[in-house]
Amino acid sequence: MSYFDELAYQFIDGEWRAGSGSWDIVDFNPYNGEKLTSIPVATVEEIDQAYRAAERAQREWGATNPYTRRTVFERVLRIIDDREAELAETIAAEVGGTLVKVGFELHLAREFLREAIQLALRAEGRILASPIDGKENRLYRLPVGVVGVISPFNFPFLLSLKSVAPAIALGNAVVLKPHQNTPVCGGGLVAKIFEEAGLPAGVLNVVVTDIAEIGDALIEHPVPKTISFTGSEKVGRHVATVAASHFKHSVLELGGNSALVVLDDADVDYAVDAAVFSRFVHQGQVCMAANRVLVDRAVEQEFTEKFVARVAALKVGDPTDPQTHIGPLINEGQAEAITSLVDRAVADGASALLHGETRGTLVAPSVLSGLPEDSPLLQQEIFGPVVVLVPFDGDDEAVRLTNTTPYGLSGAVHTADIERGVRFAKRIETGMFHVNDATVHDEPIVPFGGAKSSGVGRLNGDAMVEAFTTTKWISIQHGRSQFPF
């Protein structure tokens, strides 16, 4: 029996059960259209049951010795190691990821789990001085309680674990809602592995559902104190608004419109390599992907010729073929949307140095140039294999063009002068920026997050403690206070 048969359920209070909704979320393989499974949706009542189970379980879990909590994650790592081939096959089938992408996702998942093992011991308190004689001020770092996690479709296993694991390690319970296109990799697999690793019932719950069924119940429910959302800027705004109206803390990792910038002294061949990876890894369905490649006019011709030749050589097709660079987009709707973006840009006067064909969910790469500075395509996130080349004259213009977007997630600059690159990076309005590398990076201990419309808050490392714990002040008067009346 495959994971798709085994995990076609809700996971609430340690039990696998069918949702009681009147319709199913149908899970398809994005490459060949094969039906993988169907899952009856969870209702508002089941959202409540999941949160109440988490609330009950968290009391004991939060009081558990953190050294004991760590042992669960050690077992999770062993399970992933033992079942790597099965997990890779499942992710490839549900997400349409190439073998390179799937390997990258599983590698990072392990790294984040190893960091979660350390996080269990990192909620440190403090003792602060007081101007009052005999007063002792203690600051405790305590679990927030219950965390609601909403994860995306592009790296579903990794990005679910990225919030779930640290939240649980720090003593919280979690209700996880995976994306409708990846309910097994983003939800069921995570629950299954933690269940087998011995996580107590109710500490992690998974609900597979849709806003059409539950509305805002997942965010509005009174139990969760923090909502961790990874996804689009549009949905993130809604999540933030609803969460704030209920006085909940939200951590938002949203979209981007990153630029890879090639200065006049860059190693052109290396910059081409970095740009190809930055744009086309996982078909461009990555929030940090380089939508725009900005090139100094001094090297524009050389870079453009080499870049277009490299992109044209990328193989599009079956993601399970080791030779494939670009697999399918997540569904036909996304493929149609990306195709329309390219067609509209060309109709508006853009030059298509490459104009990729679309076959179902397979979209071949497009390389566009000659867009006017006010083109909407230069402002928005492009979640697919399309890149825009933009020439510039000098560093100041490159900075201005890079910052001319409502997003501020990631980016990169290529130059022979490292300190020139650092000076450039400091001027860019993003949460992350890389010198002489790709735009796509994530490391377990480095704060990850964006500026402007790319999100609020940070994840990874010590930022996880900030996100998933709360500070409590307890004062002790060792003498006797003097009161005015």
Requested in this report: Let me see the working for Arg141 and Thr471 under side-chain contact (heavy atoms from CB on, under 4.5 Å), right down to the final yes or no.
Outcome: CA-CA 5 Å; Arg141 273 287 182 182; Thr471 301; 3.4 Å; yes
**Report entry** Side chain proximity check, Val100 to His282, heavy atoms < 4.5 angstrom
**Finding:** no
Requested in this report: Taking atom CD of Glu60 as the centre, report whether more than 12 heavy atoms of other residues, nucleotides or ligands fall under 6.0 Å from it.
Outcome: no
Query raised in the report: Between the side chain of Gln58 and the main-chain N/O of Gly171, is any donor-acceptor distance below 3.5 Å?
Result: yes
Query raised in the report: Met432 versus Val446: any side-chain heavy-atom pair under 4.5 Å?
Result: no
**Report entry** Validation row: Pro178, Val208 side chains within 4.5 angstrom (heavy atoms)
**Finding:** yes
Query raised in the report: Could you go step by step and tell me if Phe112 and Leu119 meet the side-chain contact (heavy atoms from CB on, under 4.5 Å) rule?
Result: CA-CA 10 Å; Phe112 277 98; Leu119 277 174; over 6 Å; no
Query raised in the report: With sequence neighbours excluded, what pairs up with Ala109 under the side-chain contact (heavy atoms from CB on, under 4.5 Å) test?
Result: Phe157, Leu158, Leu161
Report task. Taking all non-hydrogen atoms of both residues into account, name the closest pair between Arg458 and Ala467 and its distance. Result -> O-CB, 4.3 Å
Query raised in the report: Can you list every ring pair (Phe, Tyr, Trp, His ring centres under 6.0 Å) pair that touches residues 37-82, not counting sequence neighbours?
Result: Tyr51-His221, Phe73-Phe194
Query - Check: Asp82 side chain, Ile79 main-chain N or O, donor-acceptor pair, under 3.5 Å - result: no
Query - Donor-acceptor side-chain pairing of Arg69 and Thr64 below 3.5 angstrom - result: no
Query raised in the report: So, for Thr182 and Pro156, which heavy atoms are closest and what is the spacing to 0.1 Å?
Result: OG1-CB, 3.5 Å
**Report entry** Sidechain N-carboxylate O distance under 4.0 Å for Glu196, Lys192
**Finding:** yes
**Report entry** Salt bridge flag under 4.0 Å for residues Glu105 and Lys101
**Finding:** yes
**Report entry** Under 3.5 Å donor-acceptor, Arg279 side chain and Gly284 backbone
**Finding:** yes
Report task. Indicate yes or no: at least one non-hydrogen side-chain atom of Asn257 is less than 4.5 angstrom from one of Gln380. Result -> no
Query - Atom CD of Glu89: over 12 foreign heavy atoms under 6.0 Å - result: no
Report task. For Lys248 and Ile227, work out which heavy atoms get closest and say how close. Result -> CD-CG1, 4.4 Å
Query raised in the report: Please walk me through it: do Ile211 and Val235 pass side-chain contact (heavy atoms from CB on, under 4.5 Å)?
Result: CA-CA 11 Å; Ile211 194 171; Val235 178; over 6 Å; no
**Report entry** Lys/Arg-Asp/Glu bridge criterion (N-O < 4.0 Å) met for Lys162, Glu111
**Finding:** no
Requested in this report: May I ask you to say whether Arg427 pairs ionically with Asp395, meaning some side-chain N is under 4.0 Å from a carboxylate O?
Outcome: no
**Report entry** No-hydrogen, no-angle side-chain donor-acceptor test under 3.5 Å, Asp267 and Asn436
**Finding:** no
Requested in this report: I would like to know whether Glu381 and Lys234 meet salt bridge (charged side-chain N to carboxylate O under 4.0 Å, His left out); could you show each step before the answer?
Outcome: CA-CA 11 Å; Glu381 181 176 40; Lys234 179 181 178 181; over 6 Å; no
Query - Check ion pair Arg52-Asp48 (N to O, under 4.0 angstrom) - result: yes
**Report entry** More than 12 heavy atoms from other groups under 6.0 Å of CZ on Arg400
**Finding:** yes
Query raised in the report: Looking at side-chain heavy atoms only, is the closest gap between Thr98 and Gln283 below 4.5 Å?
Result: yes
Query - Aromatic plane relationship, Phe104 with Phe155 - under 30° parallel, 30 to 60° tilted, over 60° perpendicular - result: perpendicular
Report task. Please assess Glu94 against Tyr3 for the test side-chain contact (heavy atoms from CB on, under 4.5 Å), listing each intermediate value before the final yes or no. Result -> CA-CA 11 Å; Glu94 187 172 59; Tyr3 279 128; over 6 Å; no
Report summary line: Residues Phe483 and Ser481: closest non-hydrogen pair is CZ-CB, 3.6 Å
Query - Residues forming a side-chain contact (heavy atoms from CB on, under 4.5 Å) with Ala42, sequence neighbours excluded - result: Gln10, Glu46, Val207, Thr209
**Report entry** Student check: side-chain heavy atoms of Val206 and Tyr9 closer than 4.5 Å
**Finding:** no
**Report entry** Lys/Arg-Asp/Glu bridge criterion (N-O < 4.0 Å) met for Glu233, Lys452
**Finding:** no
Query - Pair Ser228, Ser163: side-chain N/O donor-acceptor within cut-off below 3.5 Å - result: yes
Query raised in the report: So how far is it from Leu199 CG to Thr71 OG1, rounded to the nearest 0.5 Å?
Result: 10.0 Å
Report summary line: When rounded to the nearest 0.5 Å, the distance separating CG of Leu204 from CG of Asp13 is 11.5 Å
Donor-acceptor list for residues 144-154 side chains, cut-off 3.5 Å, not counting sequence neighbours:
from   : atom 1 : to     : atom 2 : distance (Å)
Ser151 : OG     : Ser160 : OG     : 2.8
Asn154 : ND2    : Gln285 : O      : 3.0

Report task. Determine whether Leu87 and Ile193 make a side-chain contact, defined as any pair of heavy atoms from C-beta on separated by less than 4.5 Å. Result -> yes
Requested in this report: Only pairs at least two apart or in different chains count here, so list each ring pair (Phe, Tyr, Trp, His ring centres under 6.0 Å) that has a residue in residues 420-456.
Outcome: His434-His441
Requested in this report: To the nearest 0.5 angstrom, please state how far the CD atom of Glu397 sits from the CG atom of Leu401.
Outcome: 5.0 Å
Query raised in the report: Distance only, no hydrogens: is a donor on one side chain within 3.5 Å (strictly under) of an acceptor on the other, for Thr415 and Asp265?
Result: yes
Requested in this report: Check for a donor-acceptor pair, side chain of Arg110 on one end and backbone N or O of Leu77 on the other, with a separation under 3.5 Å.
Outcome: no
**Report entry** Side-chain heavy-atom pair Leu106, Ile91 within 4.5 angstrom cut-off
**Finding:** yes
**Report entry** Set of residues satisfying side-chain hydrogen bond (donor to acceptor under 3.5 Å, both in side chains) with respect to Arg138, sequence neighbours excluded
**Finding:** Glu136, Tyr140
